[in-house]
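Read the structure below first, then the notes.
Excluded from the calculations below are hydrogen atoms, water molecules and symmetry mates; all remaining heavy atoms, backbone and side chain alike, are included. By convention here, the first residue in the shown sequence is residue 1.
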Amino acid sequence: MKWSDIPFNPSRTVLRQFAALWLVCFLALGASQYFVRDRPLLGLALAALAVLLGLPGLLRPVLLRRVFVGWMVVAFPIGWVVSWLLLLALYFLVLTPVAVCLRLRGRDLLGRHPAPERTGFWEPKQSPLDLRRYFRQY
C-alpha cells in the first residue's frame with residue numbers, strides 16, 4: 001500500500017458506507033460495554049458517538065469526510081507495518097525452512113546443477129504425433 005492509495009477525496013457512496021459501518025460498530029461496542037462489561041457510562045458514550053456521527057453521516061455523507069480521511073491516515077501506518085511483518089514472517093518462517101530442508105536433502109527442483117552425463121541444460125521437447133492433440137491441451 002502506498003500513501004497515494006489513501007482516498008483524500010472519497011465519493012459519497014464510500015462516505016455513506018463508512019457512516020453505516022460507524023453506526024453499526026460503535027452501537028455494537030456501546031452495547032457490549034453496557035450489557036456485557038457492565039460499564040454503563042462508557043456504553044452510553046459510545047452509543048451517543050455512534051448516533052451523533054453515524055446518522056448525520058447517512059443523511060449528508062459530506063459531513064464525515066474529515067473523520068473518514070483522518071481515520072484512513074491513522075490506519076495507514078498500522079496497515080503498512082502489519083503487511084510487512086506478515087511478509088517477513090511468511091518468508092522466514094515458511095519459505096526459508098522449506099528451502100533449507102530441500103537443500104539438505106539434495107533436491108534440485110530447478111535442475112541447476114549439471115549432471116556428469118549431460119553436456120548442457122537443454123532438454124528437448126517431445127512434440128505430439130497426432131495433430132489433434134493441439135486442440136486438447138489439457
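Below 30°, between 30° and 60°, or above 60°: for Trp3 and Phe8 the angle between ring planes is between 30° and 60°, a tilted geometry.
The two residues Leu58 and Arg16 come nearest to each other via the heavy atoms O-NE, 3.1 Å. Scanning both residues, Pro97 and Phe92, for their nearest heavy atoms gives CD-O, 3.5 Å. The minimum heavy-atom distance between Val69 and Pro7, with the atom names listed, is CG2-O, 3.8 Å. Counting all heavy atoms, side chain and backbone alike, Pro10 lies closest to Val14 at CB-CG1, 4.1 Å. Across Leu64 and Ala19, no two heavy atoms sit closer than the pair CD1-CB, 3.4 Å.
Linking Ile, Leu, Val, Met, Phe, Trp and Tyr whenever their side-chain heavy atoms come within less than 4.5 Å puts Tyr91 and Leu88 in one cluster. Connection of Leu55 to Trp22 is not established within any shared hydrophobic cluster, with ILVMFWY side chains joined at heavy-atom distances below 4.5 Å, either directly or through further cluster members. Phe68 and Leu21 fall into different hydrophobic clusters, where Ile, Leu, Val, Met, Phe, Trp and Tyr side chains are chained together by heavy-atom contacts under 4.5 Å. The cluster map of Ile, Leu, Val, Met, Phe, Trp and Tyr, joined by side-chain heavy atoms under 4.5 Å apart, puts Leu27 and Leu53 in different clusters. Put simply, Ile6 and Leu15 are part of the same group of oily side chains (I, L, V, M, F, W, Y) that touch within less than 4.5 Å, one to the next.
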Checking side chain to side chain contact (heavy atoms under 4.5 Å, CB included) for the pair Arg65/Asn9: CA distance, chi angles, key distance, verdict?
CA-CA 8 Å; Arg65 182 183 170 280; Asn9 195 9; 4.0 Å; yes
Determine whether Leu46 and Tyr34 satisfy the following criterion, side chain to side chain contact (heavy atoms under 4.5 Å, CB included), listing intermediate values before the conclusion.
CA-CA 9 Å; Leu46 287 172; Tyr34 190 85; over 6 Å; no
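By the neighbour-count criterion of 12 heavy atoms within 6.0 Å, atom CG of Leu41 is sparsely surrounded, having that number or fewer from other residues, nucleotides or ligands.
Aromatic ring centroids of Phe76 and Trp80 lie 6.0 Å or more apart.
Gln33 CD to Leu44 CG: the interatomic distance, rounded to the nearest 0.5 Å, is 11.0 Å. How far CG of Leu90 is from OG1 of Thr96: 9.0 Å, rounded to the nearest 0.5 Å. For the atom pair Phe18 CZ and Trp71 CH2, the distance stands at 6.0 Å (nearest 0.5 Å).
Within the 4.5 Å cutoff, no side-chain heavy atoms of Phe26 are placed close to those of Val51.
Side-chain atoms of Ser32 do not come within 3.5 Å of backbone N or O of Ala28 as any donor-acceptor pair.
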